[in-house]
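Notes for the one structure printed next.
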Amino acid sequence: MQFQHKNLLGLQGLTKEEITGILDVAETMLPVVESKDKRLPLLQGKTVVTLFYENSTRTRTSFELAAKYLGATVSNIVASTSSVQKGESLKDTGKTLDQMGTDAIVIRHPMSGAAHKLAEYVNASVLNAGDGLNEHPTQALLDMLAMRTRFGRIEGLKVAIVGDVLHSRVARSNLWGLTTMGASVTFAGPTTLLPEAFQKYGATVTNDVREAVTGADVVMALRIQRERQKAGLIPSVGEYARFFGINEEVLKLAKPGCVVMHPGPMNRNVEIDNATADASHSLVERQVHCGVAVRMAVLSLLVGGNSK
Ligand code: CP
């Protein structure tokens, strides 16, 4: 597959063919992740740097493993222990990495648009691993891969995304990705955490979780960020769980064969019930598994010699 982009900054603007192409490549990476000898030397001689200004377990580790499985040299920078603490700017950090021969920079940053800014400064390919409230493209891609390997398609799936939609870059990337792929997407949550504007982009928005879940093939719970409670955006964690938590009771309204997803990290018994998170219809672990394959796919497409 040819991927005619230097960077992966978001799913907004990617075509159905481009997203399908990434998922097709990712699907071919799954057997590598599952094999005993996880080696596919598509990035031999290439250097990948992960540059994280925010905490991460899944995204940073899976990008690192993906790059290593592809034979790249990998270096990890955590802003809290780097020269960022001495006041170094994003621009200077990026240019410094460029001069070291870096082929790809994977960045997570609290500011929306930071990955786009970095891409203006560097020659390396930039992969957005989450920028503020904007996008987390590889999360939505891995969510779609998990759906596709379960249902054999994305088009026509009814997907309910429930929780703190307002502050969720996962929600935004899934909005762009899933609607482009022809899924029907409903966002649900308290009014204070639900952007009405999503309706303009082809999604349904409701405060009623039961309405969102009714007939759904996929129910995705989003992390409730406990710090929002202080800002008065949710009444209390307990009340939030009662009205918006995903559990087996509310899932009775979903389509038979419905799956439950969560991007992680989970607040068990808040946005998702403990038993539901571990149920046989939970794809949470599968999502993590698909994450490595998706990151192998995007790294190989951007810096493996097939891109631009
Ligand atoms: N889903 C996700 O982005 O998880 P991390 O914050 O652990 O990377």
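All heavy atoms count here, side chains included; hydrogens, waters and symmetry mates do not. Numbering of ligands and ligand atoms starts at 1, following listing order.
- Within 6.0 Å of the NZ atom in Lys255, the count of heavy atoms belonging to other residues, nucleotides or ligands exceeds 12.
- Counting heavy-atom neighbours within 6.0 Å of Asn207 CG, excluding the residue itself, gives a total above 12.
- Ring geometry for His109 against Tyr53 counts as tilted: the plane angle lies between 30° and 60°, on a 0 to 90° scale.
- When only interatomic distances are considered, the shortest N/O to N/O separation between Arg60 and ligand 1 does not fall below 3.5 Å.
- Arg58 NE, 3.0 Å is the protein heavy atom nearest to atom 4 (O) of ligand 1.
- Looking only at protein heavy atoms, the nearest one to atom 1 (N) of ligand 1 is Pro263 O, 2.9 Å.
- At a threshold of 4.0 Å, the pair Lys158-Asp217 does not count as salt-bridged, since none of the basic side-chain nitrogens sits closer than that to a carboxylate oxygen.
- Contact atoms of ligand 1 toward Gln139: 1 (N), 2 (C) (distance under 4.0 Å to a heavy atom of the residue).
- The pair Arg169-Glu54 meets the salt-bridge criterion, with a side-chain N (NZ, NE, NH1 or NH2) lying under 4.0 Å from an Asp/Glu carboxylate O.
- A salt bridge links Arg60 to Glu64: at least one charged side-chain nitrogen sits closer than 4.0 Å to a carboxylate oxygen.
- In terms of protein heavy atoms, atom 6 (O) of ligand 1 is closest to Arg108 NH1, 2.9 Å.
- Every atom of ligand 1 with a heavy atom of Thr57 under 4.0 Å away is listed here by number and element: 5 (P), 7 (O), 8 (O).
- Ligand 1 places these atoms under 4.0 Å from at least one heavy atom of Thr59: 2 (C), 3 (O), 4 (O), 5 (P), 8 (O).
- In this structure, Gly264 has a heavy atom closer than 4.0 Å to ligand 1.
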